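To start, the structure itself, in structure tokens.
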Amino acid sequence: MSRLAPLSEEPISEDDSANCSKKGLSWKNWLKTHLSLVFNKKSDLKILLSVLGCPLFPVSALSEPPINEVSSSAQYIIQHFTAATGCRKSEGTVKNIFVTGKVTMAMVDELGATVGSVAGAAGVAQKGCFVMWQMVPNKWLIELVVGGHKVIAGSDGNVAWRRTPWLGAHAAKGGVRPLRRALQATQYMGEKRISSTDCFVLKLSADQVDLADRSDSTAEMIKHVIFGYFSQRSGLLVFIEDSYLTRIQSPGTYPTYWETTMATKIEDYRLVEGVMVAHSGQSNVIITRFGDNLKAGLSVTRMEETWTIDDVAFNVPGLSLDCFIPPKEVQKDFPDENLDWRSPLHR
């Protein structure tokens, strides 16, 4: 079996699953076959799951911020957040976390419309559920089922990966990064008012080395940045906004640019075993494609997701390292990591 190509964070065609086993999934193959997939109404569910299913953070969970006045302000806000949520008291005592919840996803004509409503929805609203495990500090696994399709993603601390029914299992480009559902901001950016709430703003962005690791000869990751908005009154995280820009160009062609922007409102904090946990939220996504080679000009796709948390538990008995072992395909791609394959979660 040839080396698996890294997993793209852009929309992927269902037909690529047959191609990837023979020659590896690459930006060049993707460009040749289904460049317009994201704008094809028949592919709505796969696009929704590719973009909203398991997005990752810009940088590794182990990145260390520089020590200066700006980062000191950021650390103060993070400390306020950990105190407000109760995480500071539980630090060192929580070994793992278990979460279940529900999601509703839909393509929309206008952002802000209620997901699944007749007004604003450009396609059928897809409902589903998810289960997520996390073992402190850097191991995680999520299983998401929407519209009859199941997406699994995870990390054993050495490699992050994702498996879809139409693509198979592939490693994520670049270093190991956490799920977007956890915030790790390090740079203070000032203050801003969000939904009538005065907030402190923190910024986290991938550096040039990380961006280069996630690029190849056909696609260049230009930026990946995320902003976290913390309520000045409560100290809680109330809003996340991130975007990444990719430049795609095959030899002899004009470049095409893809920009994905995702904004998430976080609310309904409840106390669970002494920790304040957000139990609902809504994400709005805009995917913009532009470039000199696009005859139709600027192309925009919009989608929304609402999510709710049903159950949260800490320190679940029986959760072991075996639960985070990557699939066989990813193990063959990373033979030096001494990975094992025993978990029934990935059969």
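Quick note: residue numbers are just sequence positions, from 1. What you see is a predicted model, and the numbers here were worked out from it, not measured in a lab.
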### Message
Membership question, hydrophobic clusters at under 4.5 Å side-chain separation (ILVMFWY): are Val145 and Val151 in the same one?
### Response
no
### Message
Let me confirm one number: the OG-CG distance from Ser231 to Leu237, rounded to the nearest 0.5 Å.
### Response
10.0 Å
Side-chain donor-acceptor pairs of residues 273-280 under 3.5 Å, sequence neighbours excluded:
unit_1: His279; atom_1: ND1; unit_2: Val277; atom_2: O; d: 2.7

### Task
Evaluate the criterion side chain to side chain contact (heavy atoms under 4.5 Å, CB included) for residue pair His224 and Leu245; output intermediate values, then yes/no.
CA-CA 7 Å; His224 191 174; Leu245 177 64; over 6 Å; no
### Query
Do Ser215 side-chain atoms and Met221 backbone N/O form a donor-acceptor pair below 3.5 Å?
yes
### Residue list, ring pair (Phe, Tyr, Trp, His ring centres under 6.0 Å) with Phe200, at least two apart or on another chain
none
#### Entry: For the student: nearest non-hydrogen atoms of Ser155 and Ala160, plus distance
CB-CA, 4.1 Å
### Summary
Rounding to 0.5 Å, atoms CH2 (Trp140) and SG (Cys323) come to a distance of 15.0 Å
### Task
Check step by step if side chain to side chain contact (heavy atoms under 4.5 Å, CB included) holds for Thr256 and Phe290.
CA-CA 6 Å; Thr256 301; Phe290 57 95; over 6 Å; no
### Task
Kindly say whether Val225 contributes a backbone atom to a donor-acceptor pair with the side chain of Asp242 at under 3.5 angstrom?
no
### Task
Output yes when a side-chain donor or acceptor of Asp198 lies under 3.5 Å from a complementary backbone atom of Gln232, and no otherwise.
no
### Message
Just verifying a value: how many Å separate Ile287 CD1 and Met107 CE, rounded to the nearest 0.5 Å?
### Response
6.5 Å
### Task
Any chance you could lay out the side chain to side chain contact (heavy atoms under 4.5 Å, CB included) test for Thr261 and Val285, step after step, and finish with the verdict?
CA-CA 6 Å; Thr261 302; Val285 178; over 6 Å; no
### Heavy-atom donor-acceptor pair, Ser195 side chain to Thr197 backbone, under 3.5 Å
no
### Query
What distance do Thr288 atom OG1 and Tyr257 atom OH have between them, rounded to the nearest 0.5 Å?
14.5 Å
### Query
Is the shortest side-chain N to carboxylate O distance from Glu91 to Lys89 below 4.0 Å?
no
#### Entry: Side-chain heavy atoms of Asp210 within contact of Gln208, under 4.5 Å
no
### Any side-chain donor near an acceptor of the partner, Ser283 and Thr264, under 3.5 Å
yes
### Task
Flag the pair Leu144 / Val146 as yes when at least one side-chain heavy-atom distance between them is below 4.5 Å, and no otherwise.
yes
### Task
First locate atom CD1 of Ile266, then atom CG of Asp268, and finally report the distance between them rounded to the nearest 0.5 Å.
12.0 Å
### Task
Decide yes or no for Pro326 and Val159: does some side-chain heavy atom of the first lie under 4.5 Å from some side-chain heavy atom of the second?
yes
### Query
What pair of heavy atoms forms the shortest contact from Trp307 to Gln282, and how long is it?
NE1-N, 3.9 Å
### Task
May I ask you to decide if Gln249's main-chain N or O and Thr253's side chain share a donor-acceptor pair within less than 3.5 Å?
no
#### Entry: Close side-chain approach of Tyr229 and Ile240, heavy atoms under 4.5 Å
no
### Query
Hey, any chance Leu298 and Ile286 share a hydrophobic cluster, counting ILVMFWY side chains that come within less than 4.5 Å of each other, even indirectly?
yes
#### Entry: Beyond-backbone contact of Val201 with Phe230, side-chain heavy atoms, under 4.5 angstrom
no
### Query
Which pair of non-hydrogen atoms, one from Ala125 and one from Ala106, has the smallest distance, and what is that distance?
CA-CB, 3.9 Å
#### Entry: Side-chain touch Met262/Glu241, heavy atoms, less than 4.5 angstrom
no
### Task
Evaluate whether atom CZ of Arg193 has more than 12 neighbouring non-hydrogen atoms of other residues, nucleotides or ligands under 6.0 angstrom away.
yes
### Task
Please tell me if the side chains of Glu259 and Lys223 come closer than 4.5 Å, counting only heavy atoms from C-beta onward.
yes
### Closest heavy-atom pair and its distance - Lys102, Phe130
N-CE2, 3.7 Å
#### Entry: Ile152 CD1 to Ile142 CD1 distance, which is reported to the nearest 0.5 Å
10.5 Å
### Query
Is any side-chain heavy atom of Gln79 less than 4.5 Å from a side-chain heavy atom of Arg88?
yes
### Message
Could you see if Tyr269 belongs to whatever hydrophobic cluster contains Leu271? Use Ile, Leu, Val, Met, Phe, Trp, Tyr and a side-chain cutoff under 4.5 Å.
### Response
yes
### Message
Keeping Asn315 on the side-chain end and Thr93 on the backbone end, is there a donor-acceptor pair under 3.5 Å?
### Response
yes
### Task
Under the side chain to side chain contact (heavy atoms under 4.5 Å, CB included) rule, what do Ile222 and Tyr244 come out as? Steps first, then yes or no, please.
CA-CA 7 Å; Ile222 298 175; Tyr244 56 90; over 6 Å; no
### Summary
Scanning both residues in full, the closest heavy-atom pair of Lys139 with Gly157 reads CG-N, 4.1 Å
### Task
Looking only at non-hydrogen atoms, find the nearest pair between Phe324 and Gln134 and report the distance.
CZ-C, 4.3 Å
